[in-house]
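Notes follow the structure.
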Amino acid sequence: MSESEIRIFPNLEELSHEAARLFRRVARDCAAKGGVFSVALSGGSTPRRLYELLGNMPCSEQVPWGNVHVFQVDERCVPSDYPESNYRMIRQALLARVPLPEVNCHRMAAEQADLEEAASQYAATLARVLPPKPGEAPRLDLVFLGMGADGHTASLFSGSPALQEKMLWVRANFVEKLSTQRMTLTFPVLNAAAQIVFLVSGTEKSETLRRVLKGPLRPELLPAQRVRPVNGRVSWYVDQAAARLV
Ligand code: 6PG
């Protein structure tokens, strides 16, 4: 079962710099072994600074982008040029600024009418780029996750159907509290990853972070607690404001 570390940083800026160093290090290690580096990126506001750092000098020149495959953790059901689109944010902050081959950039087409079909196409892409061992899920090298103040991660919200998913790697997921559909990676593929890093910032998340890390195990209420890589590690990069109760 996974080991997890908690790293506390003075602020989001320093947390983001450390996450960028990790991205660069793992990408270079994978390239040095002649392999691809597969990373899944979350949406929301917290990871934007990390993406900006990766998309600008000096980081942008220090990553072997030809070896990198970028996946999304989850997506809102809007066209990719809409303000709420996670892909739009990731593209503006990072993808449009680095020489990542277009074929290595795997967008979740969550605007498609048949969301289940779009989800299974995305799962097929994961399996094509990261052929899984029999009976296992594709293994991402690195996943950046966020955590909502309600304890959700990816688009895996308490009470939503995809929370119980045991087989599929990508799901359409109706989120009642937001009255909307989302497309999301599921726990089977998240927990198959080699390394997962939660990026958590802000005092408004401190009580939830305490409950997730120190409180009783209630994954049906706090989905972030379900992130436990089978054969990998999970790290929490948190700023002092979020960590004030931990
Ligand atoms: C999304 C995200 C989601 C996010 C959390 C935290 O689509 O919104 O992928 O899981 O990581 O909601 O969001 P913030 O970073 O904005 O607090």
Side-chain angles (χ1 to χ4, degrees), residues 7 9-111 118 122 125-126 128-130 140-147 153-155 182-185 193-202 235 237-239:
R7 298 189 59 187
F9 297 87
N11 50 46
L12 179 59
E13 182 67 16
E14 296 206 20
L15 178 163
S16 304
H17 275 274
E18 183 59 22
R21 282 189 285 271
L22 174 72
F23 183 112
R24 183 182 57 197
R25 189 166 59 247
V26 182
R28 288 155 79 117
D29 289 353
C30 290
K33 295 182 195 121
V36 303
F37 164 54
S38 56
V39 60
L41 304 178
S42 280
S45 56
T46 310
R48 182 195 298 266
R49 184 63 187 134
L50 161 63
Y51 304 155
E52 288 167 355
L53 291 168
L54 291 170
N56 287 288
M57 299 280 276
C59 245
S60 59
E61 283 215 328
Q62 298 166 336
V63 170
W65 294 104
N67 293 71
V68 179
H69 279 259
V70 172
F71 291 91
Q72 289 188 254
V73 165
D74 65 336
E75 185 57 283
R76 293 88 181 267
C77 294
V78 295
S80 60
D81 59 352
Y82 273 37
E84 313 93 282
S85 161
N86 285 341
Y87 181 77
R88 180 174 180 268
M89 183 275 284
I90 297 168
R91 184 159 199 86
Q92 288 180 342
L94 171 59
L95 303 176
R97 302 164 182 276
V98 294
L100 178 81
E102 204 56 44
V103 290
N104 290 12
C105 179
H106 307 290
R107 181 179 77 83
M108 278 185 169
E111 75 282 3
Y122 203 74
T125 301
L126 271 169
R128 173 176 57 76
V129 176
L130 306 168
L140 289 153
D141 295 304
L142 183 58
V143 179
F144 287 106
L145 290 178
M147 183 195 76
T153 190
S155 280
R182 293 277 188 98
M183 190 194 288
T184 186
L185 298 185
Q195 190 160 7
I196 295 179
V197 179
F198 279 95
L199 307 178
V200 182
S201 164
S235 309
Y237 287 16
V238 300
D239 66 9

Plane angle bin for H106 and F71 - parallel if under 30°, tilted between 30 and 60°, otherwise perpendicular: parallel
Do any N or O atoms from the side chain of [X] and from the backbone of [Y] form a donor-acceptor pair under 3.5 angstrom?
X	Y	value
T153	M147	no
S42	F144	yes
D141	Q195	no
N104	V68	yes

Smallest separation among heavy atoms of [X] and [Y], with atom names:
X	Y	answer
W65	P101	O-CD, 3.5 Å
A27	F37	CB-CD2, 3.4 Å
E18	Y237	CG-CE2, 3.8 Å
N86	G44	OD1-N, 3.5 Å
A40	L140	CB-CD1, 4.0 Å
C59	L53	CB-O, 3.3 Å

Could you measure the distance from the [atom1] atom of [X] to the [atom2] atom of [Y]? Nearest 0.5 Å is fine.
X	Y	atom1	atom2	answer
E84	C77	CD	SG	11.0 Å
L94	S60	CG	OG	9.5 Å
S80	M89	OG	CE	13.5 Å
T125	M108	OG1	CE	10.0 Å
Q72	S85	CD	OG	6.5 Å
S235	L145	OG	CG	11.0 Å

Write out all pairs satisfying salt bridge (charged side-chain N to carboxylate O under 4.0 Å, His left out) with one or both partners inside [range], taking only residues at least two apart or from two chains.
range	result
residues 29-48	none
residues 57-82	D74-R182
residues 88-98	R91-E102

Going by the rule salt bridge (charged side-chain N to carboxylate O under 4.0 Å, His left out), which residues pair with R28 if we only count those two or more places apart in sequence or in a different chain? none
Counting C-beta onward and ignoring hydrogens, is there a side-chain heavy-atom pair between V73 and V143 closer than 4.5 Å? yes
Got a sec, which residues hit side chain to side chain donor-acceptor pair (under 3.5 Å) with T46, two or more places apart in sequence or on another chain? none
With sequence neighbours left out, the residues meeting side chain to side chain donor-acceptor pair (under 3.5 Å) with E13 are H17, R49
Run V98 and L54 through side chain to side chain contact (heavy atoms under 4.5 Å, CB included) and show every step you take. CA-CA 8 Å; V98 294; L54 291 170; over 6 Å; no
Apply side chain to side chain contact (heavy atoms under 4.5 Å, CB included) to residues L22 and V197 and explain how you reach the verdict. CA-CA 10 Å; L22 174 72; V197 179; 3.5 Å; yes
